[in-house]
Amino acid sequence: MSEKQTGMPEKLWIKAGLTDSEYELLTSHMKREPNTVELALYAQMWSEHCGYTHTRPLFKHFLTTGPRIVQGPGENAGIVDIDDDEVLTFKLESHNHPSAIAPFQGAATGVGGIVRDILAMGAYPIASLNSLHFGHPGDAGHTRYLISEVVHGIGEYGNCLGVPTVGGELRFADAYKGNPLVNAMCVGYMKQSQIKKAIATGVGNSLMIVGNLTGRDGMGGASFASKDLDEQNEEDRGAIQVGDPFMEKLLIEACLEVFEKDYVVGVQDMGAAGILSSSVETASKAGNGVEIDVALVPKREAAMQPEEVMISESQERMLLIVKKGMEDQVNKIFHKWDLHAVVIGHVTDDGMYRVLEDGTTVGEVPVWSLMDAPTYILEGQEPAHLQQTRRFKNDDVAVPDDLNQVLLKLLGAPDICSKEWVYRQYDYRVQMNTVVKPGSDAAILRIKGRDKAVGVTMDSNGRYCYLNPRRGAQSIVAESARNQVVSGAEPIAITDGLNFGNPENPEVYYQLEQSIIGLSEACRALDTPVIGGNASLYNQTPEFGAIYPTPIIGMVGLVKSLKHVTTMEFKNEGDFILVVGETRDELGASEYLDQIHGLVAGDVPELDLELERKTQNFILDVIRQGLVSSAHDIGDGGMAVALAESCIMGEYGAEISLDLDLRSDALLFGESQTRFMLSAKGESAAKIIEIATAQGIEAANIGRVKSCKQLIINNFNEKLVDLRVTDCAQAFKSGFDKMMKTDV
Amino acid sequence: MNWGVLLFPGSNCAEDCFHVIDKVLGEPVTYLWHKNTDLGDVDAIIIPGGFSYGDHLRPGAIAHLSPAMKAVKDFAEKGGLVIGICNGFQILTEARMLPGSLLQNKGLKFLCQDQTLKLDNTETAFTREYDHGDVVVFPIAHNEGNYYAKPETITEMELNGQILFRYCNPEGEVSAASNPNGSINSIAGIINRTGNVVGMMPHPERSSDAVLGLSDGKGVFVSMLKHLEEKPGSDH
């Protein structure tokens, strides 16, 4: 041991982010006090970001297995079977705090990190998605700056990599003003035989670092992500990583070339807590120890301390566990791509995590103890605001006189309007698999050489979860699955991004716990297991408080034949328009209440998960039978918005006649769940209604698609809406530009 | 006919071009590595899109100095067919194999969309499958696609029929409103004086596989193939 092993200056662990009791626990594991290197190891590995200290105990609720699940949580990403010995791997990851401080780099490196997770599984990344949440851009120049920079960062990184950015979502609420959310998802494709694991087996095998040099960027990023954002954060700029997509592109090519050979036993992406966490995780899985010499790590800065080298989050690096004797072969392939592959240590049999500097041990702790982060089960408390918001009754608001204007306003509303401003900055066609492009319910990617495709979606609804965390979370899973089935895809599995405030606040903990329970219930009911995910807690600022509880669902579905691919736009004049599912007097939690009446109130519309499953199976069934011309889920903004969208996209009109004994606003804009809008030719429409009736599913013919571009909605012969589709389109397409141009 | 797709570090449309030649055209195709000067026995070369060398310095600025590009120049001087798409077009202008240069889009943002184009000259080895005035849809996806050349160069190119494609609206009208990136004279694709080197910002390969709902671009590759097959002395 070097002289670095000295007694801890008092309370240095507090500065490192550990509590007194955690410090006591680690000294008992070590049977002595740690030195500064060892303390740094624990501080990173026991952070919420790496150790899931608050969320791990709640994960027990999740369903993680199923017939199509090849790999559940615990690897770099989960894996699902899509038949023909082919699999998909996918995961999402948050980069919220870095994006709040340095939006361009924060968002760019968020994409880079999740792509490497997919690469580490042995897969070729085929699609990228992102879920973004900001404050209202109309209110603040800073928010518009954040939006522009985040979108630019995502585009710059993904475009350069050649991974198409095909979907996602962009939502707005004041709750995100101080703490925006940037969650990135990546989907990879491979043959079953190409799957790699993050495991350090084989005593004597080499640990090789490949890709970028290691510097002081991203120091302590994991612990930065595990505390509240406040004014001090400018000081944490050192925790922001800097991305180099060109390096990542080379890394992808070189790694996949190496993976084709039999040189590598394990792979791990270097994400949060860099070399440290990647090597600890691989060693722990194999039950082995590892030894790493920081002097061997190629660096871009001089005089780095051992702990700095270990926890640096410099981007575009991977850890390969290479069979002894194969190191030169690996290096040769990396050299071809003008990259290095350097041995920095090896696998040992003593179960110890040993850090050396030039051959001298500077830190040594049991591998298991680093993985054994203490967990916290807290007592939740129902948030006080729910007492207030639940009191809402529909009668509290009057039905507006001019429903045409309401519809136009909703079409241009931030959460509903076209996001083309965003996705036209993303290359969504590279790789030539994009069958259905962004702006649809789900993006659809074909699998080359096969008659099948995959649906990918990312969804959330912070307002729903704020008003009812459990049912809100259920609704998001249901909505994701609806987006899949209307596109012709059978939902397979999800990855979840748990974005919440500080869990040490009992009200936030309640939101976290209830949301996880809700997610789990819906995943079980809809048979979409959770195969991995990410937790991002401490999303709050002193000025704006905690964000809305925002679980984000990334879902993947399988389209069994390209013939089943279905989109939302009306396609033929004269097609019948059908609404499947029941429309009720539900205004609570709606976009309409928020946008038109300025109320975030009421309860989330009722959701019967059994009926949801049955109805989704029915939708998929009629699509597969070829009966459907277009399909769209009825979600934000209700039936009127869904109709307008199908008219706008298809450049058709529609004439609708309803006979529903409901308030006009609930009928048009209410968000009753488990509803779908289909269009179909005459005979097919009759057949669809016949099948629905036989299964006890509500389905009604409500009107027809018209070549005259007018959207008319009547109820009991009362004309509620009468708008030119071009005016609807204008509101829908210009909404975003208007928001971004508002002068402060 | 043997096709070659040039591969630089950072090329990300090479697989797409390869796929179209291999699976859509059903013709033999190989990758050409940027460090090699031996192009093998190829009849046509595609310089694909992407971010060669990470677009460091300037798009195409480093790639055009690579060993393989020296060989591509020799190949073109002997009359070989070369098409540069997107970043490939930028590389060809940097290599001075085509006139002009590509500046940042007038909107200052990366722009990805399905773009309508109007065929101007259809008497070339790359466009013979089209009719004059045809309106086609090829995707664009670029940040530096704003074509510029000196006025006298443009005049000369116009007179020589060197403009192959122009950006237009769905009705085929060429105007400032239908110009997505500010290119002079709405120029989307050009050909050299000798008629064997083409550069274009739109991606014909992305518009070649009907499964994706776009197939207008296939004509570019079919034109090249037919030209090669009819070429006197072709032993294939």
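Numbers restart at 1 for each chain; the letters A, B, ... are given by sequence-line order, proteins then strands.
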Novice: Hey, is the main chain of A:His335 close enough, under 3.5 Å, to the side chain of A:Asn331 for a donor-acceptor pair?
Specialist: no
Novice: I'd like to know which of A:Val565, A:Val430, A:Leu562, A:Ile252 tops the heavy-atom pair count under 4.5 Å against chain B.
Specialist: A:Val430
Novice: Just checking B:Phe51 against A:Phe246, ring centres under 6.0 Å apart?
Specialist: no
Novice: Does any heavy atom of chain A fall under 4.5 Å from the side chain of B:Pro9, the backbone, both, or neither of them?
Specialist: both
Novice: Give a yes or no on whether the backbone of B:Gly172 and the side-chain of B:Lys118 come within a donor-acceptor separation of less than 3.5 Å.
Specialist: yes
Novice: Applying side chain to side chain contact (heavy atoms under 4.5 Å, CB included) to A:Gln194 and A:Tyr124, what does each step give before you reach the verdict?
Specialist: CA-CA 10 Å; A:Gln194 292 172 316; A:Tyr124 194 84; over 6 Å; no
Novice: Chain A heavy atoms under 4.5 Å from B:Leu214: which part of the residue, side chain, backbone, both or neither?
Specialist: side chain
Novice: Please rank B:Val20, B:Asp114, B:Asn143 by heavy-atom pairs under 4.5 Å with chain A and give me the top one.
Specialist: B:Asp114
Novice: Which is it for B:Phe138 and B:Ile85 under the side chain to side chain contact (heavy atoms under 4.5 Å, CB included) test, yes or no, and what are the steps along the way?
Specialist: CA-CA 11 Å; B:Phe138 295 6; B:Ile85 300 163; over 6 Å; no
Novice: Is the count of non-hydrogen atoms from other residues, nucleotides or ligands lying under 6.0 Å from A:Lys332 atom NZ greater than 12?
Specialist: no
Novice: Do the charged groups of A:Lys560 and A:Asp83 touch, with an N to O distance under 4.0 Å?
Specialist: no
Novice: Given heavy-atom pairs under 4.5 angstrom as the criterion, report whether the side chain, backbone, both or neither of A:Tyr428 touches chain B.
Specialist: both
Novice: Report which part of B:Lys23 has an atom under 4.5 Å of a heavy atom belonging to chain A: side chain, backbone, both, or neither.
Specialist: neither
Novice: If the contact rule is any heavy atom under 4.5 Å from chain B, which residues of residues 434-456 of chain A qualify, in numerical order?
Specialist: A:Thr434, A:Val435, A:Lys437, A:Arg446, A:Lys448
Novice: Between the side chain of B:Ser223 and the main-chain N/O of B:Glu129, is any donor-acceptor distance below 3.5 Å?
Specialist: yes
Novice: Would you give me the side-chain donor-acceptor pairs under 3.5 Å for residues 150-166 of chain A, sequence neighbours excluded?
Specialist:
residue, atom, partner, partner atom, Å
A:His152, NE2, A:Glu156, OE1, 3.3
A:Tyr157, OH, A:Glu248, OE1, 3.1
A:Tyr157, OH, A:Glu316, OE2, 2.5
A:Asn159, OD1, A:Asp427, N, 2.8
A:Asn159, ND2, A:Gly155, O, 3.0
A:Asn159, ND2, A:Gln425, O, 3.2

Novice: Is there a side chain to side chain donor-acceptor pair (under 3.5 Å) between B:Asn181 and B:Tyr167? Walk through the geometry before answering.
Specialist: CA-CA 9 Å; B:Asn181 54 24; B:Tyr167 301 110; 3.2 Å; yes
Novice: For chain A, which candidate among B:His203, B:His56, B:His142, B:Glu15 shows the most heavy-atom pairs at distances under 4.5 Å?
Specialist: B:His56
Novice: Which one of A:Met432, A:Lys249, A:Gln431 has the most heavy-atom pairs closer than 4.5 Å to chain B?
Specialist: A:Met432
